[in-house]
> 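Here it is: the structure, laid out below.
Per chain, numbering begins at 1; letters A, B, ... match sequence-line order.
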Number of protein chains: 2
Amino acid sequence: MEVLLGLLTIEPMSGYDLGQLIRESIRHFWNESYGQIYPNLKQLAAGGFITGKIEKQKGKPDRQIYSITKKGRERLMRWLEVEPQPEIPRNELLLKIFFGAQAGPGTLRNYLERMLENERAALQQFGFIEREISKNTQYPDAPYWQIALRFGQIEVEAHVRWAEETLAVLQKLSRVKQTPQGSRKEKPHAGE
Amino acid sequence: MEVLLGLLTIEPMSGYDLGQLIRESIRHFWNESYGQIYPNLKQLAAGGFITGKIEKQKGKPDRQIYSITKKGRERLMRWLEVEPQPEIPRNELLLKIFFGAQAGPGTLRNYLERMLENERAALQQFGFIEREISKNTQYPDAPYWQIALRFGQIEVEAHVRWAEETLAVLQKLSRVKQTPQGSRKEKPHAGE
DNA sequence: GGGTGCATGTAATGGGTTACATGATTCT
DNA sequence: AGAATCATGTAACCCATTACATGCACCC
């Protein structure tokens, strides 16, 4: 809800634009689906927090361009003043690793390789975003965008380090499991 | 749902125990509320994935102790084989920082200080968990628990570094804002 | 001709938190 | 006396994703 308000302080936009912008620039810490965006915009408009103007296009469908109102800015402010409480992320990968002894190291290694791919792709995306920000230094928010981006970079680097370290640990674990005295109740897994 | 199954492979437990265990050991990457745990246990029991035995206690209410069944283990296995897809966390703090120019650096600094407190508390909690794990090396899952814990440690360290760096950046930003030519449309904020 | 992008929207479904209710014991 | 802990459970509610629907234009 308030994301939309916040993004509309940058410039007036349509719901579609908002969706694009979200997945291009803040997806690494916030996401909204269109199933969320459009109804929320309607609500915000009904409450007088934003106003919409229809923009006609040839060939393409009409666009509803929304602008934030004074009332909207006030609402955004009030929300910004509320201290964000830490939220517990749900990390399915970690959960599966936690029960790793059931799955065996082979499966986990695949998951980690895939994770590394994703994280490296994210790093590239960050590079792209960084260039976008430095093109738009005229906006007063630009330094803050940079800070949010930096969070993503630092976190992803940490993830990469962890994943690499973990792959090494798993290697050792499967070597230990292969030694004769290491096998107790465990059923031997096919392959490594 | 499957967390419960997974945790019950460690040993038979009650819903209450599961809740305790979750918040003591895996809260940093997974959480379930009792409003979720109890109904899920009922469902799992109805499906034959776990079985419950009533344990009577004097003075205290009866406990339903659940054990995982063979069918339950199979279900857990199938779930473990499904590749976890990356999930986008929602970080309200980052979102508020992203719109930082609206709120001003003072508010953000408070949020960051609070965040640092939380992260440091988490580090301490991790120390506690680490000691618990090293007491329970007889479990075959122990190395995997260690890996999951390591993730938390590395991530939290990264967060701390980012927060400290960001506090320094904000300091600079508010100094720049104070210089005469830097003030355009911005209302001056009380205190720095 | 078929897929993709633009653009908006709704409905079904699933997930999860919060708040409430109960009731006994133990601690302060 | 009152609060907290143990222990289980339900109901209301909010939020979010997914899938579906429409319709035109452009490209291969």
Side-chain angles (χ1 to χ4, degrees), chain A residues 1-5 7-8 12-24 26-27 29-47 50-66 79 82 84-92 95, chain B residues 1-5 7-8 12-24 26-27 29-47 50-66 79 82 84-92 95:
Chain A
M1 198 100 235
E2 275 80 11
V3 214
L4 306 175
L5 239 30
L7 292 176
L8 288 176
M13 269 179 276
S14 69
Y16 191 80
D17 293 336
L18 286 164
Q20 299 277 96
L21 186 58
I22 286 169
R23 79 190 48 188
E24 276 168 20
I26 63 175
R27 190 168 97 263
F29 61 87
W30 200 274
N31 202 25
E32 300 265 351
S33 60
Y34 286 119
Q36 193 82 343
I37 292 173
Y38 286 117
N40 281 354
L41 285 174
K42 283 222 158 167
Q43 270 177 254
L44 287 170
I50 58 177
T51 47
K53 271 174 223 151
I54 290 163
E55 193 187 88
K56 276 176 192 154
Q57 298 188 123
K58 39 180 181 181
K60 290 175 190 173
D62 295 354
R63 290 156 51 85
Q64 266 285 352
I65 308 288
Y66 292 101
W79 174 74
V82 178
Q85 71 271 44
E87 26 214 315
I88 320 97
R90 290 197 149 190
N91 192 325
E92 197 182 314
L95 193 57
Chain B
M1 200 100 233
E2 275 80 10
V3 213
L4 307 175
L5 239 32
L7 292 176
L8 288 177
M13 269 180 276
S14 70
Y16 191 79
D17 292 336
L18 286 162
Q20 300 278 96
L21 186 59
I22 286 168
R23 79 191 46 187
E24 276 167 22
I26 63 173
R27 191 167 96 264
F29 61 85
W30 201 274
N31 201 25
E32 301 265 351
S33 60
Y34 286 119
Q36 193 81 343
I37 293 172
Y38 286 116
N40 280 354
L41 285 174
K42 283 222 159 169
Q43 271 178 253
L44 287 171
I50 57 176
T51 47
K53 271 177 223 150
I54 290 163
E55 192 189 88
K56 274 173 193 155
Q57 297 188 121
K58 38 177 181 182
K60 289 176 190 171
D62 294 354
R63 290 158 50 84
Q64 266 284 351
I65 308 290
Y66 292 101
W79 175 74
V82 177
Q85 71 269 46
E87 26 215 312
I88 320 96
R90 290 197 149 190
N91 192 326
E92 199 183 313
L95 193 57

> Less than 4.0 angstrom between a side-chain N/O of A:Tyr16 and OP1 or OP2 of C:dT8, yes or no?
no
> Measure the distance from CG on A:Asn40 to C1' on D:dC15 and round it to the nearest whole Å.
10 Å
> Rounded to the nearest Å, what distance is computed from the NZ atom of residue B:Lys56 to the C1' atom of nucleotide D:dC6?
18 Å
> How about B:Ile50 and B:Leu4: do any of their side-chain heavy atoms sit closer than 4.5 Å?
no
> Report the residue (B:Asp17 or B:Pro39) whose heavy-atom-nearest nucleotide on DNA chain D is the more 5′ of the two.
B:Asp17
> Can you measure A:Ile65 atom CD1 to C:dA7 atom P for me and round it to whole angstrom units?
8 Å
> Which residues in residues 31-38 of chain A have at least one heavy atom lying under 4.0 Å from any atom of DNA chain D?
A:Ser33, A:Gly35, A:Gln36
> If you find the nucleotide of DNA chain D closest to B:Arg90 and the one closest to B:Gln20, which residue's nucleotide is nearer the 5' end?
B:Gln20
> Please enumerate all residues that pass side-chain hydrogen bond (donor to acceptor under 3.5 Å, both in side chains) together with B:Glu2, with sequence neighbours excluded.
B:Arg75
> Just the rounded figure in Å: distance from P of C:dA7 to CD1 of A:Ile54.
14 Å
> Quick one: salt bridge (charged side-chain N to carboxylate O under 4.0 Å, His left out) partners of B:Arg90, sequence neighbours excluded?
A:Glu32
> May I have the distance from B:Leu4 (atom CG) to C:dG16 (atom P), rounded to whole angstrom?
11 Å
> Between D:dC6 atom P and B:Leu18 atom CG, what is the distance in whole Å?
15 Å
> What is the distance, rounded to the nearest whole Å, between atom CG of B:Leu44 and atom P of D:dT8?
15 Å
> Side chains of B:Leu8 and B:Leu18: does their closest heavy-atom pair fall under 4.5 Å?
yes
> Side chains of B:Gln64 and B:Ile54: closer than 4.5 Å at any heavy-atom pair?
yes
> Quick one: side chain to side chain donor-acceptor pair (under 3.5 Å) pairs with a partner in residues 12-24 of chain A, sequence neighbours left out?
A:Ser14-A:Asp17, A:Asp17-A:Arg63
> Quick one: which residue pairs count as a side chain to side chain donor-acceptor pair (under 3.5 Å) with a foot in residues 35-47 of chain A, not counting sequence neighbours?
none
> Is it the case that the side chain of A:Glu87 and the backbone of B:Glu92 share a donor-acceptor pair, with hydrogens and angles ignored and the cut-off at 3.5 Å?
yes
> Using the C1' atoms of five pairs at each end, what's the angle between the two axes of the helix from C:dG1-D:dC28 to C:dT28-D:dA1, to 10 degrees?
30°
> By nearest heavy atom, map B:Trp30 and A:Tyr66 onto DNA chain C; which one lands nearer the 5' end?
A:Tyr66
> Quick one: A:Gln85 CD to C:dT18 C1', roughly how many Å, whole number?
13 Å
> For a 4.5 angstrom cut-off between non-hydrogen side-chain atoms, does B:Leu7 reach B:Tyr66?
no
